[in-house]
Number of protein chains: 2
Amino acid sequence: MTNKRPHHHGNLREALIIAGVQLLEEGGVEALSLRKCAAIAGVSHAAPAHHFAGLGSLELAIVSRGHDKFAEYMIDARESAEQTPRARLGAICDGYIKFSRAHFALFKFMFQPRELEPDLFDEATWNQFQVASTASYQVLRDACEPFDHGKAGDQVTEAMVWSMVHGYAMLFSKKPSKLAPFELVPEFSTLLPPLTLKK
Amino acid sequence: MTNKRPHHHGNLREALIIAGVQLLEEGGVEALSLRKCAAIAGVSHAAPAHHFAGLGSLELAIVSRGHDKFAEYMIDARESAEQTPRARLGAICDGYIKFSRAHFALFKFMFQPRELEPDLFDEATWNQFQVASTASYQVLRDACEPFDHGKAGDQVTEAMVWSMVHGYAMLFSKKPSKLAPFELVPEFSTLLPPLTLKK
DNA sequence: CTCTCATCTTTACAGCGTCTAGTTTAACAT
DNA sequence: ATGTTAAACTAGACGCTGTAAAGATGAGAG
């Protein structure tokens with residue numbers, strides 16, 4: 001219905017998301033504002049209200065865009081890897097960390113836990129987020145599937161790998177890491193413990 | 001020199017930090033503002049400027065206060081544990097996670113990476129942060145010391161344990177975790193791989 | 001052609017961080 | 001005891017923010 005240049009601007013929603021990602025990556029979360037996004041898109045400061053339920057909705061749309069890129073990084077790494085379960089898992093972790101380093105502001109923003117009450121967002125933004133975040137997580141989940149963690153179930157492998165790669169990305173992606181009192185941060189591949197394949 | 005009830009308020013700096021922690025824990029990072037802290041402390045909106053170089057400084061002071069509590073949680077857990085290296089390390093991880101669950105807003109706030117340029121802060125706040133964050137990390141570091149990680153060095157054990165417990169705390173502390181598509185989050189103790197003691 | 005309605009603009013308001021100028025008062029020097 | 005100094009605090013202003021309300025614009029349907 002409103003797909004092709006609906007009125008004045010012609011896909012303002014998309015332009016606002018792109019502007020938001022740009023502001024976020026250039027100046028961090030403090031530089032992100034609805035009014036600046038509107039200015040970059042060339043519309044008045046109140047125009048975004050017709051596409052997002054508020055700043056929170058725009059933020060969630062930016063997070064969704066982040067998940068899209070995030071999944072791309074992991075999938076690219078997986079495709080370039082040796083095709084064994086262990087190598088695929090290692091490659092996906094590398095993609096995870098590579099993304100966090102290449103787009104640290106966005107990565108940090110994506111995993112800053114929010115109040116995720118669906119009624120705070122417009123439906124389109126919410127649905128898009130559900131799809132994007134589930135898809136990016138599924139990449140990691142699939143890579144864990146071949147491994148066995150005994151009677152405790154697959155969730156243990158997923159939780160272990162995800163915890164480790166996520167903690168590593170959060171703590172050691174920004175360098176020099178003021179958080180980490182390390183001279184040299186070890187490679188992630190040296191941290192991942194051995195895993196046993198299913199039966 | 002200005003230790004005992006210096007003037008009007010009588011330790012406004014401390015009152016502002018306490019107000020800030022309270023606002024943060026009650027309403028999240030969005031509810032934290034200099035003006036509200038000043039109002040809670042019963043002073044004018046411009047009074048905090050005489051104790052903090054800006055909002056960033058107050059935030060850093062709140063983070064420091066968080067590290068103090070954080071270290072307490074880990075030390076308490078360690079003291080209550082069976083006195084073996086493995087049990088102590090496990091207990092400290094439990095303390096880490098217990099803190100993240102009991103004070104999630106504060107925990108999240110502490111590890112939200114900031115621009116840590118010392119010249120952005122007043123000296124007192126900066127020094128206090130250095131001491132508090134180093135001390136809380138040292139608790140984890142000490143618990144890792146007895147374990148061997150081969151030629152790669154102690155940093156590998158520290159990085160591995162810290163990544164895992166931190167990722168776990170970030171991803172699974174808020175429940176129900178909208179981030180984690182898990183029905184049941186595994187206990188952290190089932191995730192930590194075996195470690196070998198030094199020689 | 002006219003109606004409708006989504007899109008966008010304009011205006012306004014309250015809250016924010018921070019700057020400046022002025023006031024209060026504790027503590028020190030004489 | 002008195003005067004001085006400087007730290008602690010107040011009052012007001014500025015530009016920025018998100019958001020709400022009301023008016024203007026123009027594309028598409030009947």
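Below, read A as the first sequence line, B as the second, and so on, with proteins coming before strands; counting in each chain starts at 1. Please read all numbers here as calculations on a predicted model, not as lab measurements. Heavy-atom basis, side chains included; hydrogens, waters and symmetry copies ignored.
- Minimum atom distance to the side chain of B:Arg35 is reached by C:dC16, of the listed D:dA8, D:dT10, C:dC16.
- Summarising the geometry, the separation between CG on B:Asn11 and P on D:dA7 is reported as 17 Å, rounded to the nearest angstrom.
- Put simply, the side chain of A:His45 and the base of C:dT11 share a donor and an acceptor less than 3.5 Å apart.
- In this structure, A:Ala46 and A:Lys36 both approach DNA chain D, and ranking their closest nucleotides by distance from the 5' end singles out A:Lys36.
- Spacing between atom CG of A:Asp122 and atom P of D:dT19 amounts to 12 Å, rounded to whole angstrom units.
- Surrounding CD of A:Glu115 are at most 12 heavy atoms belonging to other residues, nucleotides or ligands under 6.0 Å away.
- Among the heavy atoms of the strands lying under 4.0 Å from B:Ser33 are primed sugar atoms or P, OP1, OP2 only; no base atom is included.
- In this structure, B:Glu59 places its CD atom 14 Å from C1' of C:dT18, rounding to the nearest Å.
- With B:Tyr96 as the partner, the ring pair (Phe, Tyr, Trp, His ring centres under 6.0 Å) test is satisfied by one option alone out of B:Phe188, B:Phe70, B:Tyr73: B:Phe70.
- Going from atom CG of A:Leu34 over to atom P of D:dT19 covers 6 Å, rounded to whole Å.
- Between B:Glu30 and A:Arg114, no side-chain nitrogen of the basic residue sits less than 4.0 Å from a carboxylate oxygen of the acidic one, so the salt-bridge criterion is not met.
- To the nearest angstrom, P of C:dT24 lies 15 Å from NE2 of B:His50.
- The environment of B:Glu79 atom CD is dense: over 12 non-hydrogen atoms of other residues, nucleotides or ligands sit within 6.0 angstrom.
- Here the P atom of nucleotide D:dC16 and the CG atom of A:Leu32 are 17 Å apart, to the nearest Å.
- If you take CG of B:Leu12 and C1' of D:dA7, they are 13 Å apart, rounded to a whole angstrom.
- If you take CG of A:Leu23 and P of D:dC16, they are 15 Å apart, rounded to a whole angstrom.
- Below the 3.5 angstrom threshold, one finds no donor paired with an acceptor across the side chain of A:Arg13 and the base of C:dT7.
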